[in-house]
Student: 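The following block contains the structure, expressed as structure tokens.
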Number of protein chains: 2
Amino acid sequence: MVQQIARRLNRSMEEKLSPHGLNLQQFAVMMTVHEFDGLTQTEIGERFSMPPYAISRAIDHLEQANLLKRRQHPTSRRALTIHATEDGRTLGLALFEIVNDVNNELTAPLTDSQREQLGGLLKALL
Amino acid sequence: MVQQIARRLNRSMEEKLSPHGLNLQQFAVMMTVHEFDGLTQTEIGERFSMPPYAISRAIDHLEQANLLKRRQHPTSRRALTIHATEDGRTLGLALFEIVNDVNNELTAPLTDSQREQLGGLLKALL
DNA sequence: CACAATCATTTGCATCTGCAATAGTCGCAG
DNA sequence: CTGCGACTATTGCAGATGCAAATGATTGTG
């Protein structure tokens with residue numbers, strides 16, 4: 001059941017993301033950068049256990065699309081820090097709405113108290 | 001959260017499946033055939049909304065591994081029906097154990113009543 | 001200081017996936 | 001009974017994904 005729901009969620013997200021030219025991984029990176037500007041790539045990856053090479057490629061794409069840019073880490077010459085561009089910050093706001101929409105859509109069959117209950121149970125499983 | 005849990009679930013399943021040389025899709029097909037012998041490929045796909053080409057390829061693999069075989073549909077010359085071989089039936093039993101193990105592992109942090117609650121809430125979302 | 005181990009990131013390559021096109025079959029309208 | 005549109009299954013191809021190796025930087029140890 002969890003898997004079926006997750007698949008529905010994914011499809012739903014991808015649909016709403018595709019007009020922006022993003023896939024789910026790129027979306028996750030954008031959200032993280034929107035919340036914390038200036039993290040290194042590894043740090044971003046740790047936020048949702050995404051392997052380094054995936055981050056690398058997601059950022060390739062996002063940098064190409066002029067949503068992010070890489071900069072030298074101030075103290076380490078091997079790390080890079082990731083920053084949202086103007087376009088990136090704008091898109092970030094649109095992304096928040098998408099998450100909300102999808103969440104509401106998914107949990108529409110539940111009452112508010114059920115929603116809380118579900119949240120609690122799921123958190124216990126993490 | 002749903003997605004994170006689903007990913008954990010997937011990894012866990014794949015781990016236990018890999019000794020048998022199966023991936024998740026092939027596993028799903030095996031379980032369905034184990035439950036209903038003689039369905040057409042499309043019917044199998046409908047059980048968990050898997051596109052026809054994915055079924056086709058999963059069965060290619062499973063037939064190769066001598067777990068299933070395709071037969072002509074008794075009344076339609078375009079459809080094929082799928083049947084478990086002896087090996088396939090044996091493996092099917094092992095697969096049931098895997099599902100149980102993974103379920104228990106996942107829901108270990110919950111009490112029995114919480115488990116039921118979660119089940120109910122998830123079902124409502126399907 | 002030199003060397004080995006570790007770290008952050010990238011890349012080559014093989015495999016997996018999804019979409020769209022194909023081949024063959026079937027049902028039905030005229 | 002003919003032809004067209006819908007159905008089953010498969011396949012070619014392009015893009016995505018995962019692993020493991022490569023690159024360059026850094027730390028620690030003797």
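Just the heavy atoms: all of them, side chains too, but no hydrogens, waters or symmetry mates, feed the values below. In the text below, chain A, chain B and the rest are named by the order of the sequence lines, each starting its count at 1.
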Student: Please identify each residue that fulfils side-chain contact (heavy atoms from CB on, under 4.5 Å) with A:Gln4, with sequence neighbours left out.
Tutor: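 For A:Gln4 the side-chain contact (heavy atoms from CB on, under 4.5 Å) partners, ignoring immediate neighbours, are A:Arg7, B:Phe48, B:Leu126.
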Student: Think A:Arg77 has a side-chain N or O under 4.0 angstrom from the OP1 or OP2 of D:dT26?
Tutor: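 So the side chain of A:Arg77 is within the cut-off, an N or O lying under 4.0 Å from OP1 or OP2 of D:dT26.
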Student: From NE2 of B:His73 over to P of D:dC7, roughly how many Å is that when rounded to an integer?
Tutor: 16 Å
Student: If I take atom CD1 in residue B:Ile44 and atom C1' in nucleotide D:dT8, what distance separates them, rounded to the nearest angstrom?
Tutor: 13 Å
Student: Between C1' on D:dT8 and CE on B:Met50, what's the gap in Å once rounded to a whole number?
Tutor: 16 Å
Student: Tell me: NE2 of B:His61 to P of D:dT11, nearest whole Å?
Tutor: 16 Å
Student: Could you pull out all residues at least two apart from A:Asp87 that satisfy side-chain contact (heavy atoms from CB on, under 4.5 Å)?
Tutor: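 Counting only residues at least two positions away or on another chain, A:Asp87 forms a side-chain contact (heavy atoms from CB on, under 4.5 Å) with A:Asn66, A:Leu67, A:Thr85.
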Student: Measure the angle between the two terminal helix axes of the helix from C:dC1-D:dG30 to C:dG30-D:dC1, five base pairs each, and quote it to 10°.
Tutor: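 It works out to 0° between the end axes.
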Student: Only counting residues at least two apart or in another chain, list the ones meeting salt bridge (Lys or Arg N to Asp or Glu O under 4.0 Å) with B:Glu97.
Tutor: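 Not a single residue meets the salt bridge (Lys or Arg N to Asp or Glu O under 4.0 Å) criterion with B:Glu97.
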Student: Just how far, in rounded Å, is C1' of C:dA8 from CD1 of A:Ile82?
Tutor: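 After rounding, the reported distance stands at 11 Å.
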Student: What residues, two or more places apart in sequence or in another chain, satisfy salt bridge (Lys or Arg N to Asp or Glu O under 4.0 Å) together with A:Arg57?
Tutor: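 A:Arg57: no salt bridge (Lys or Arg N to Asp or Glu O under 4.0 Å) contacts found.
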Student: Please identify each residue that fulfils salt bridge (Lys or Arg N to Asp or Glu O under 4.0 Å) with B:Glu86, with sequence neighbours left out.
Tutor: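 Listed in chain order: B:Arg89.
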Student: Can you tell me the distance, in whole Å, between the NZ atom of B:Lys69 and the P atom of D:dA9?
Tutor: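 Checked: the NZ to P distance equals 17 Å.
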Student: To check you understand the geometry: which heavy-atom pair defines the closest contact between B:Ala79 and B:Thr40, and what is its length?
Tutor: CB-CG2, 4.0 Å
Student: Once each nucleotide of nucleotides 9-19 of chain C is scored for protein heavy atoms under 4.0 Å, what B/S/- sequence comes out, 5' to 3'?
Tutor: BBBB-----BB
Student: Sorted by first residue and then second, give each ring-ring contact (aromatic ring centres under 6.0 Å, His included) pair with at least one member in residues 80-126 of chain B; sequence neighbours left out.
Tutor: B:His34-B:Phe96
Student: Would you tabulate the side-chain donor-acceptor contacts of residues 102-109 of chain B under 3.5 Å, counting partners in other chains and residues two or more places apart, or write 'none'?
Tutor:
unit_1	atom_1	unit_2	atom_2	d
B:Asn104	ND2	B:Asn100	O	3.3
B:Glu105	OE2	B:Ser12	OG	3.3
B:Thr107	OG1	B:Asn103	O	2.9
B:Thr107	OG1	B:Arg115	NH1	3.2

